[in-house]
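Below, chains carry the letters A, B, ... as their sequence lines are ordered, and counting in each starts from 1.
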Amino acid sequence: MTSTIADRLLEWYDRHARSLPWRARPGEPAPDPYRVWLSEVMLQQTTVAAVKPYFAAFTARWPTVAALAEAPEEEVMAAWAGLGYYSRARNLIKAARAVAARGGFPDTEAELRELPGLGAYTAAAVAAIAFDRRAVVVDANVERVVARLFAIEIPLPQARKAISAAAETATPDCRAGDFAQAMMDLGATICTTRDPKCLLCPLAEGCAARSSGDPARLPIKVKKKEKPVRRGTAFWIERDDCVWLVRRAGKGMLGGMRALPDDGWSAQVDGGGETPLVGDWQPLGRVVHVFTHARLELSVRRYEGLQTPQGEGEWWPLATLDDAGLPTLFAKAARLALA
DNA sequence: CACGCGTGGGG
DNA sequence: TCCCCAAGCGT
């Protein structure tokens with residue numbers, strides 16, 4: 001009798017699983033749901049390499065979901081700075097508080113799905129990995145592997161339905177969490193977007209895309225829209241070895257993060273260029289930063305006048321600017337000012 | 001379903 | 001330099 005996809009994949013996983021900080025070692029019981037959840041949220045659209053230091057810092061500082069739930073929001077946001085997609089951090093705090101309030105993580109996919117920041121993928125992943133539930137876990141890796149295995153020619157995202165149906169068929173009743181992680185390891189190391197390594201693949205036999213001779217062709221994706229170029233200005237106001245920082249609105253770009261004052265640029269519109277204070281402004285240079293939907297050319301200007309900023313904000317000591325939790329865009333701007 | 005939402009790395 | 005992307009979610 002021929003072995004199933006799950007059999008072959010799990011056998012491969014038992015020998016080749018990546019060792020990652022949020023994973024249980026082979027033979028150990030399922031890892032702490034808090035660590036599974038935290039890692040999965042951090043890994044949304046984010047590489048393993050980028051996540052590792054943040055995962056280490058978060059778990060050292062907030063070892064439990066209860067500890068995270070008690071943390072001041074701005075400290076969590078600052079700790080997330082640089083990782084991107086800051087709505088994840090905002091939802092992370094909300095979810096931590098909801099979980100702490102109910103005394104622990106729910107252990108079913110449906111209940112997990114109700115927590116902020118847990119969509120179809122993450123709810124299934126946590127249910128399978130942390131609670132050993134059978135759940136069909138479909139991320140971009142699984143989409144790629146499945147699209148190739150079954151030669152699904154429908155372009156993404158249309159193909160999602162067919163792919164999840166195929167993934168459902170392939171998912172085993174036991175070890176669904178290991179199966180999910182095995183699929184993701186396979187996608188990350190063997191069945192890669194470019195140049196898949198079919199000679200090393202445990203599923204090569206019976207893979208339709210491999211038989212076709214051009215596995216990298218699948219899954220078919222539509223081309224992305226062109227990014228507009230936006231221009232904006234950020235303002236460096238320094239006094240007594242402190243810089244004036246504001247907090248951005250809770251939604252939208254870099255929402256909830258500390259920032260330099262700016263002229264109202266966004267991914268949709270250029271900034272107006274109006275300075276927040278009257279007086280001399282010296283150009284410090286320009287920062288180019290690429291967001292998902294726009295490329296921003298940010299001019300940075302330093303205030304030379306004597307007025308005091310109005311409205312919400314805080315004087316932040318330059319000596320501890322690294323702790324302010326500036327998103328990368330503003331960290332670049334600060335580097336200009338301090339150079 | 002389409003869009004908005006970061007960042008750093010690889011080819 | 002440029003493009004694509006890497007364990008998606010919320011609206």
Applying the Watson-Crick and G-U criteria (both distances under 3.5 angstrom) with [ ] for crossing and | for other-strand pairs, one obtains for DNA chain B .||||.|||||
Could you work out the complete set of other residues in the hydrophobic cluster of A/L277, with links drawn between I, L, V, M, F, W and Y side chains under 4.5 Å apart? A/F235, A/I237, A/W244, A/V246, A/W281, A/Y303, A/W315
Distance between the [atom1] atoms of [N] and [M], in whole angstroms?
| N | M | atom1 | answer |
| --- | --- | --- | --- |
| B/dG11 | C/dA7 | P | 15 Å |
| C/dC4 | B/dG6 | C1' | 15 Å |
| B/dT7 | C/dT11 | C1' | 23 Å |
| B/dC5 | C/dA6 | C1' | 15 Å |

So, does A/H293 get its side chain near the phosphate of B/dG4, meaning an N or O under 4.0 Å from OP1 or OP2? yes
Short N-O contact, [X] and [Y], less than 4.0 angstrom:
| X | Y | result |
| --- | --- | --- |
| A/D173 | A/R134 | yes |
| A/R61 | A/E75 | yes |
| A/R247 | A/E312 | no |
| A/E143 | A/R160 | yes |

Once base and sugar-phosphate atoms are separated, protein heavy atoms under 4.0 Å mark nucleotides 1-11 of chain C, 5' to 3', with B, S and - as ----SBBBSS-
Give me the residues of residues 326-339 of chain A where at least one heavy atom lies under 4.0 Å from an atom of DNA chain C, by number, or none. none
From [atom1] of [X] over to [atom2] of [N], roughly how many Å is that when rounded to an integer?
| X | N | atom1 | atom2 | value |
| --- | --- | --- | --- | --- |
| A/L254 | B/dC5 | CG | P | 9 Å |
| A/L296 | B/dC5 | CG | C1' | 14 Å |
| A/M253 | B/dG4 | CE | P | 10 Å |
| A/Y54 | B/dG6 | OH | P | 13 Å |
| A/W80 | B/dG6 | CH2 | P | 12 Å |

If the condition is ring-ring contact (aromatic ring centres under 6.0 Å, His included), which residues does [X] pass it with, not counting sequence neighbours?
| X | value |
| --- | --- |
| A/F55 | A/W22 |
| A/Y85 | none |
| A/H293 | none |

Any residue meeting side chain to side chain contact (heavy atoms under 4.5 Å, CB included) with [X], in chain and number order, not counting sequence neighbours:
| X | result |
| --- | --- |
| A/T308 | A/R239 |
| A/P283 | none |
| A/Q282 | A/E304 |
| A/P228 | A/R230, A/A294 |

Ring-face cation contact, A/W265 with A/R248, 6.0 Å cut, 45° max: yes
For a quick check of understanding: with a heavy-atom distance under 4.0 Å over all strands, which category does A/G82 fall into, base, sugar-phosphate or nothing? sugar-phosphate
Residue closer to the 5' end of DNA chain B, A/K225 versus A/T292 (nearest nucleotide): A/K225
Parallel, tilted or perpendicular: ring planes of A/H289 versus A/F291, cut at 30 and 60 degrees: perpendicular
Below 4.0 angstrom, which residues in residues 258-271 of chain A have at least one non-hydrogen atom near DNA chain B? A/A267, A/Q268
